[in-house]
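Within every chain, numbering begins at 1; the chains are lettered A, B, ... in the order of the sequence lines, protein sequences first and strands thereafter. Reckoned from all heavy atoms, side chains included, excluding hydrogens, waters and symmetry mates.
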Protein chains: 2
Amino acid sequence: MNQKQLQSEQTKKKIAEAARALFVQKGYKATSIEDIVRTTGSSKGNIYYHFKSKEGLFLYLIEEWDREWILNWGQSVHLYKTTTDKLYGVAQQLADDDLNHPLTKAADEFFHQEEKTSEVESRIAEMMARHLEFNQKLLQEGIDCGEFGPNDTERLAVILEALFFGANQLSRSLSPHKTRVLYKDAITVFLNGITRNKLTESEEE
Amino acid sequence: MNQKQLQSEQTKKKIAEAARALFVQKGYKATSIEDIVRTTGSSKGNIYYHFKSKEGLFLYLIEEWDREWILNWGQSVHLYKTTTDKLYGVAQQLADDDLNHPLTKAADEFFHQEEKTSEVESRIAEMMARHLEFNQKLLQEGIDCGEFGPNDTERLAVILEALFFGANQLSRSLSPHKTRVLYKDAITVFLNGITRNKLTESEEE
DNA sequence: TTTTATATACTGAACGTTCGTTTTGTATTC
DNA sequence: GAATACAAAACGAACGTTCAGTATATAAAA
């Protein structure tokens with residue numbers, strides 16, 4: 001790769017980082033290409049040179065978020081011995097990640113739209129399903145090794161995800177320290193809530 | 001009020017209801033005045049005759065949500081004897097309300113924007129603060145009458161709100177029955193989580 | 001080694017579309 | 001006759017995207 005290509009890669013990265021910050025802060029629709037132009041100093045044409053479209057740029061970002069999440073978790077999971085520690089570890093990683101949760105304000109604009117499914121929306125639905133699966137497996141591990149009693153891990157996985165999502169929303173106005181406290185508290189309440197009593201059988205619809 | 005005024009009130013109501021459904025489904029920015037025109041059969045001019053602006057229409061709706069919430073809660077609170085029952089009652093009301101939570105997808109587009117505060121945003125921040133206060137008072141009542149042990153109700157109030165918010169987000173793709181189960185489960189885990197162990201002291205920043 | 005041609009990276013105006021709002025008008029009720 | 005309720009075209013602004021162009025680095029030819 002020569003110097004010009006290197007410079008070009010840096011430009012693309014700069015555009016992506018600026019876009020990321022704006023999407024997190026303002027949301028998808030409220031962020032304009034002109035906003036990104038002002039923030040980066042790159043032209044509209046340059047943005048479209050590097051990314052197919054505004055939606056393509058956003059898709060690139062959520063793929064990047066997903067890769068980073070998996071990488072970071074893979075690097076830190078071995079530090080935790082118990083499922084309890086892992087849950088606190090997940091909360092820590094979510095709290096410290098400035099994006100906090102892939103289903104951020106921007107991504108939510110795509111989530112569960114009833115119009116024709118865009119590529120972004122498909123990808124987000126897929127990530128959501130994998131998050132729930134990740135939660136469920138973690139909880140099943142805890143049950144299997146006796147940390148928690150038997151329980152409906154599918155339903156608990158949804159509660160846990162709801163808790164993370166809600167914490168994400170409420171943390172936007174908090175300091176990093178208070179964000180960490182919020183996530184830790186959330187896990188504490190959740191763990192206290194599942195270690196002794198199982199959920200009641202849900203009635204048939 | 002004469003017949004023409006009556007008819008006019010009904011038109012205004014029809015516009016508001018159509019807008020409400022569209023804002024809940026698509027969000028604020030993604031819903032256009034044209035969308036409301038198509039859904040109601042009313043003209044743009046008519047919408048602007050009844051409402052000052054698009055944002056004014058939305059503000060009207062969140063005020064209405066707030067009033068209805070308070071009214072409904074006021075009508076049902078006496079049915080519950082314990083704080084535990086009240087928490088399940090709140091969850092039931094949230095689950096059954098098709099708007100589910102004032103901080104819906106649409107409202108979130110205003111929440112914590114860093115630009116100059118609009119009237120809608122001020123109102124939403126105010127509602128959020130009152131929800132947290134409502135949660136805190138409810139939990140304090142439970143502590144005072146011995147249902148729960150002493151705890152940091154301010155922090156727990158935030159956890160509870162996070163749980164409600166997350167449940168709202170995740171319930172959008174669920175059936176009404178599954179939504180009720182999700183909310184009930186959330187309260188169950190929360191109650192189990194707070195009735196025995198108090199939160200650890202949070203470290204100073 | 002120097003010159004020329006080519007490919008790539010980037011610019012910013014133009015375009016077509018969509019948006020929220022205003023304006024001008026008509027119909028109907030009081 | 002006046003006021004109100006309503007319609008729909010027009011308006012100005014903002015939007016995402018395309019296009020014709022320039023600048024520059026690199027490769028190829030002389």
Side-chain angles (χ1 to χ4, degrees), chain A residues 1-20 22-23 25-62 106 109-110 113 115-116 118-121, chain B residues 1-20 22-23 25-62 106 109-110 113 115-116 118-121:
Chain A
M1 188 189 284
N2 60 28
Q3 184 194 344
K4 189 166 183 179
Q5 282 173 319
L6 214 64
Q7 187 64 36
S8 183
E9 280 294 309
Q10 284 174 354
T11 299
K12 184 173 180 177
K13 192 165 182 152
K14 184 168 113 182
I15 292 168
E17 281 170 15
R20 178 172 169 150
L22 284 162
F23 285 141
Q25 171 199 335
K26 303 177 76 170
Y28 178 79
K29 261 190 171 282
T31 296
S32 64
I33 298 295
E34 193 59 38
D35 286 334
I36 301 169
V37 162
R38 280 198 291 277
T39 304
T40 57
S42 288
S43 63
K44 284 189 167 189
N46 200 8
I47 293 169
Y48 283 95
Y49 175 75
H50 288 286
F51 299 97
K52 185 181 174 187
S53 62
K54 183 183 179 186
E55 184 164 316
L57 169 53
F58 188 65
L59 183 61
Y60 173 93
L61 290 174
I62 63 173
E109 288 176 45
F110 288 86
Q113 294 203 76
E115 287 160 24
K116 71 172 171 71
S118 70
E119 196 175 351
V120 168
E121 191 177 352
Chain B
M1 190 189 285
N2 59 28
Q3 185 192 344
K4 189 166 185 178
Q5 281 173 319
L6 214 63
Q7 188 66 37
S8 184
E9 280 295 308
Q10 284 174 353
T11 299
K12 183 173 182 177
K13 190 166 183 152
K14 183 169 116 184
I15 291 168
E17 281 170 16
R20 178 171 169 151
L22 284 162
F23 285 141
Q25 171 197 334
K26 303 177 75 170
Y28 178 79
K29 263 191 168 280
T31 297
S32 63
I33 298 294
E34 193 58 38
D35 287 334
I36 301 169
V37 162
R38 280 197 292 275
T39 304
T40 57
S42 289
S43 63
K44 284 191 169 189
N46 200 9
I47 293 170
Y48 282 95
Y49 175 77
H50 289 286
F51 300 97
K52 184 181 174 186
S53 62
K54 183 184 179 186
E55 184 164 315
L57 168 54
F58 188 65
L59 183 61
Y60 172 93
L61 289 174
I62 63 174
E109 288 175 47
F110 288 86
Q113 295 202 75
E115 288 158 26
K116 73 173 170 66
S118 70
E119 194 175 354
V120 168
E121 192 178 351

For the side chain of [X], starting at C-beta, report the closest nucleotide among [options].
X       : options                : answer
A:Ser8  : C:dA14, C:dC10, C:dC19 : C:dC10
B:Lys44 : D:dG16, D:dC6, C:dT21  : C:dT21
A:Ser43 : D:dT17, C:dC10, D:dC6  : C:dC10
A:Tyr48 : D:dA7, D:dT18, D:dT4   : D:dT18
A:His50 : C:dT21, D:dC6, C:dC10  : C:dC10

Could you check how far [atom1] of [X] sits from [atom2] of [N], rounded to whole Å?
X       : N      : atom1 : atom2 : answer
A:Lys26 : D:dA14 : NZ    : P     : 13 Å
A:Ile36 : D:dT17 : CD1   : C1'   : 13 Å
A:Leu57 : D:dG16 : CG    : C1'   : 12 Å
A:Asn46 : D:dG21 : CG    : C1'   : 14 Å
A:Lys12 : C:dC10 : NZ    : P     : 11 Å
B:Gln7  : C:dT28 : CD    : C1'   : 11 Å
B:Arg38 : D:dA8  : CZ    : C1'   : 15 Å
B:Ile33 : D:dA7  : CD1   : P     : 14 Å

Check: A:Lys12 and A:Tyr60 side chains under 4.5 Å, non-hydrogen atoms: yes
query: Counting just side-chain N and O atoms, does B:Thr11 come under 4.0 Å of either OP1 or OP2 of D:dC6?
result: yes
Below the 4.0 Å mark, does C:dT29 have OP1 or OP2 next to a side-chain nitrogen or oxygen of B:Asn2?
no
Kindly say whether, by distance alone, the side chain of B:Lys54 makes a donor-acceptor pair under 3.5 Å with the base of C:dT21?
-> no
Which heavy atom of [X] sits nearest to which heavy atom of [Y], and what is that distance?
X       : Y       : value
A:Thr39 : A:Ala18 : CG2-CB, 3.8 Å
A:Tyr28 : A:Lys54 : O-NZ, 3.1 Å
B:Leu22 : B:Thr31 : O-OG1, 3.2 Å

DNA chain C nearest-nucleotide lookup for A:Lys29 and A:Gly45: closer to the 5′ end is A:Gly45
Base, sugar-phosphate, or nothing for B:Thr40, non-hydrogen atoms under 4.0 angstrom?
-> nothing
With heavy atoms under 4.0 Å as the rule, sort B:Lys4 into base, sugar-phosphate or nothing. base
Mutual orientation of the aromatic rings belonging to A:Phe23 and A:Phe58 [parallel < 30°, tilted 30-60°, perpendicular > 60°]: perpendicular
